[in-house]
Student: 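Could you have a look at this structure, given as structure tokens, before my questions?
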Amino acid sequence: MSDRLAGKVAVVVGAGQTPGDTIGNGRATSILFAREGAHVIAVDRRRDAAEETVTMIRAEGFEAEANDADATDEAAVRDLVDATVADHGRIDVLHNNVGIGAGDSVAEAIEMDAWDRILAVNLKSAVLPCKHVLPVMRGQGDGSIVNVSSLAAVAASPLVAYKASKAALNAFTQSLAVTHARDGIRVNAILPGLMDTPMAIEGIASALGVDRDELRAQRDAMVPLRHKMGTAWDVAHAALFLASDEARFVTGVLLPVDGGQSARVG
Ligand SMILES: NC(=O)c1ccc[n+]([C@@H]2O[C@H](COP(=O)([O-])OP(=O)(O)OC[C@H]3O[C@@H](n4cnc5c(N)ncnc54)[C@H](O)[C@@H]3O)[C@@H](O)[C@H]2O)c1
């Protein structure tokens with residue numbers, strides 16, 4: 001590897017993963033950041049999931065530590081940021097990966113509990129870490145924030161809560177990018193398309209009661225590029241670029257990582 005994040009402290013929120021037979025976006029990003037020289041704080045409300053990520057990173061000989069903050073709990077997020085600054089003196093990269101969709105539905109059928117939960121988790125889990133990390137980055141005069149949105153924010157989707165939450169996350173990203181440009185803080189979003197991750201495959205297969213291989217085949221067929229879904233490593237590599245100094249002139253970008261799906265109109 002090439003030390004593209006050498007010396008940087010990176011907080012990855014949602015660094016564990018949904019159990020399954022492939023790797024999740026947050027875990028792959030944490031591992032890649034560590035391979036590239038970052039000290040990774042792997043945050044997940046499920047301590048076992050965060051610790052599993054850290055174990056994988058340490059097994060490769062790299063640096064990481066686990067934290068079990070719930071990213072929707074302001075006191076927990078404040079403690080996480082304070083502890084990171086106390087221990088490491090800075091936060092160079094904030095990667096907000098948390099996102100849920102369970103219980104989502106079409107407008108006529110959505111339960112308001114599900115609406116509230118999806119909107120709250122998908123937005124607060126990015127807003128709160130940003131709220132508490134921004135003053136740290138402003139003090140440094142430098143920092144990179146990456147929010148994991150979704151292609152669903154801009155593509156057709158009947159599931160209203162997830163789409164609305166990710167569209168709002170895109171707007172939040174652009175607002176922060178413009179507001180904090182003068183502070184040297186870059187804020188970008190990644191819009192993954194159809195990815196072969198446990199959150200998507202195991203999650204959707206069990207929610208809809210469909211066979212996993214059938215679901216994989218259906219999703220593969222919808223992707224223009226090689227008719228194959230992406231993997232969590234594709235998201236991780238996009239995140240690595242945005243987090244690194246190579247992207248020093250890139251802010252306010254909503255980057256699709258989608259095998260060309262967003263380019264196909266009609
Ligand atoms: N997989 C896809 O096809 C796809 C497509 C588009 C966008 N995305 C986005 O990718 C992101 C997730 O990808 P993933 O593969 O890492 O998912 P994942 O479910 O495997 O991992 C997310 C992690 O976040 C943790 N988490 C959930 N709520 C939390 C909270 N309040 N505080 C702290 N941690 C919390 C979970 O415990 C889990 O370990 C989401 O934002 C999702 O919307 C995925």
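Everything quoted here is computed from the prediction, not taken from an experiment. Read the numbers this way: they start at 1 and go in the same order the structure lists the ligands and their atoms.
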Student: Looking only at protein heavy atoms, identify the closest one to atom 35 (C) of ligand 1 and say how far it is in Å.
Tutor: V98 CG2, 3.5 Å
Student: Counting only heavy atoms closer than 4.0 Å, does ligand 1 sit against the backbone of A15, its side chain, both, or neither?
Tutor: neither
Student: With a heavy-atom distance limit of 4.0 Å, tell me whether R219 approaches ligand 1 through its side chain, its backbone, both, or neither.
Tutor: side chain
Student: Looking only at distances, can you tell me whether any N or O atom of N25, backbone or side chain, sits closer than 3.5 Å to an N or O atom of ligand 1?
Tutor: yes
Student: How far is atom 38 (C) of ligand 1 from its nearest protein heavy atom, and which residue and atom is that?
Tutor: D44 OD2, 3.3 Å
Student: Tell me whether V146 is reachable from V235 by hopping between hydrophobic residues (I, L, V, M, F, W, Y) whose side-chain heavy atoms are closer than 4.5 Å.
Tutor: yes
Student: Looking just at side-chain N and O atoms, do D70 and T72 make a donor-acceptor pair shorter than 3.5 Å?
Tutor: yes
Student: With atoms numbered from 1 as shown, which atoms in ligand 1 lie under 4.0 angstrom from a non-hydrogen atom of M195?
Tutor: 1 (N), 2 (C), 3 (O)
Student: Any idea which of A153, A76, G26 brings a heavy atom closest to atom 16 (O) of ligand 1?
Tutor: G26
Student: Note the single closest protein heavy atom to atom 17 (O) of ligand 1, along with its residue, its atom name and the distance in Å.
Tutor: M199 CB, 3.7 Å
Student: Between H180 and L176 (side chain of the first, backbone of the second, donor and acceptor by atom type, cut-off under 3.5 Å), is there such a pair?
Tutor: no
Student: Tell me if a side-chain donor or acceptor on N25 pairs with a main-chain N or O of A236 at a distance below 3.5 Å.
Tutor: no
Student: Any idea which atoms of ligand 1 are less than 4.0 Å away from a heavy-atom of G16?
Tutor: 21 (O), 39 (O)
Student: Just distances here: any N/O of A71 and N/O of ligand 1 closer than 3.5 Å?
Tutor: yes
Student: Please state which part of R27 comes within less than 4.0 Å of ligand 1, counting heavy atoms only: side chain, backbone, both or neither.
Tutor: neither
Student: Between R46 and D44, does any NZ, NE, NH1 or NH2 come within less than 4.0 Å of an OD or OE carboxylate oxygen?
Tutor: no
Student: Write out the residue and atom name of the closest protein heavy atom to atom 33 (C) of ligand 1, then the distance separating them to 0.1 Å.
Tutor: R45 N, 3.2 Å
Student: Donor-acceptor pair, distance only, cut-off 3.5 Å: does the side chain of R117 make one with the backbone of A102?
Tutor: yes
Student: Give the atoms of ligand 1, by number and element, whose distance to some non-hydrogen atom of G99 is under 4.0 Å.
Tutor: 40 (C), 41 (O), 43 (O)
Student: Identify whether L208 and L194 are in the same connected component of the hydrophobic contact network (ILVMFWY, side-chain heavy atoms under 4.5 Å).
Tutor: yes
Student: As an exercise, identify every atom of ligand 1 less than 4.0 angstrom from a heavy atom of G193.
Tutor: 3 (O), 5 (C), 6 (C)
Student: G24 heavy atoms, cut-off 4.0 Å: which ligand 1 atoms fall inside?
Tutor: 15 (O), 16 (O)
Student: Distance under 4.0 Å to a non-hydrogen atom of Y162: what atoms of ligand 1 satisfy this?
Tutor: 6 (C), 7 (C), 8 (N), 9 (C), 42 (C), 43 (O)
Student: Going by side chain to side chain donor-acceptor pair (under 3.5 Å), name the residues that satisfy it together with D211, two or more places apart in sequence or in a different chain.
Tutor: none
Student: Should R58 and E63 count as an ion pair when the cut-off is N to O under 4.0 Å?
Tutor: no
Student: Using side-chain contact (heavy atoms from CB on, under 4.5 Å) as the criterion, list what pairs up with T55, not counting sequence neighbours.
Tutor: none
Student: Membership question, hydrophobic clusters at under 4.5 Å side-chain separation (ILVMFWY): are I100 and V127 in the same one?
Tutor: yes
Student: Could you tell me whether E74 and K124 make a salt bridge, using a distance below 4.0 angstrom between a side-chain N and a carboxylate O?
Tutor: no
Student: May I ask you to check if ligand 1 and S150 share an N or O to N or O distance below 3.5 Å?
Tutor: no
Student: So which heavy atom in the protein is nearest atom 24 (O) of ligand 1, and how far is it from that ligand atom?
Tutor: G14 CA, 3.4 Å
Student: Whether the R4 and S244 side chains hold a donor-acceptor pair (N or O, under 3.5 Å, no angle test) is what I'd like checked.
Tutor: no
Student: Salt bridge or not for D92 and K8, using N-O below 4.0 Å?
Tutor: no
Student: Heavy-atom distance to atom 12 (C) of ligand 1: which of D70, N97, N67 wins?
Tutor: N97
Student: Against heavy atoms of T72, which atoms of ligand 1 measure under 4.0 Å?
Tutor: 31 (N)
Student: For atom 21 (O) of ligand 1, what is the closest protein heavy atom, and at what distance to 0.1 Å?
Tutor: Q17 CA, 3.7 Å
Student: Answer yes when R216 and D196 have at least one side-chain N-carboxylate O distance shorter than 4.0 Å, and no when they do not.
Tutor: yes
Student: Which one of T18, T29, T197, L194 has a non-hydrogen atom at the shortest distance from atom 1 (N) of ligand 1?
Tutor: T197
Student: Mark the output for K166 as yes if a heavy-atom distance to ligand 1 is under 4.0 Å, and as no if none is.
Tutor: yes
Student: Heavy-atom distances under 4.0 Å decide this one: backbone, side chain, both or neither, for A69 against ligand 1?
Tutor: backbone
Student: Short list, please: which atoms of ligand 1 are under 4.0 Å from a heavy atom of S149?
Tutor: 7 (C), 9 (C)
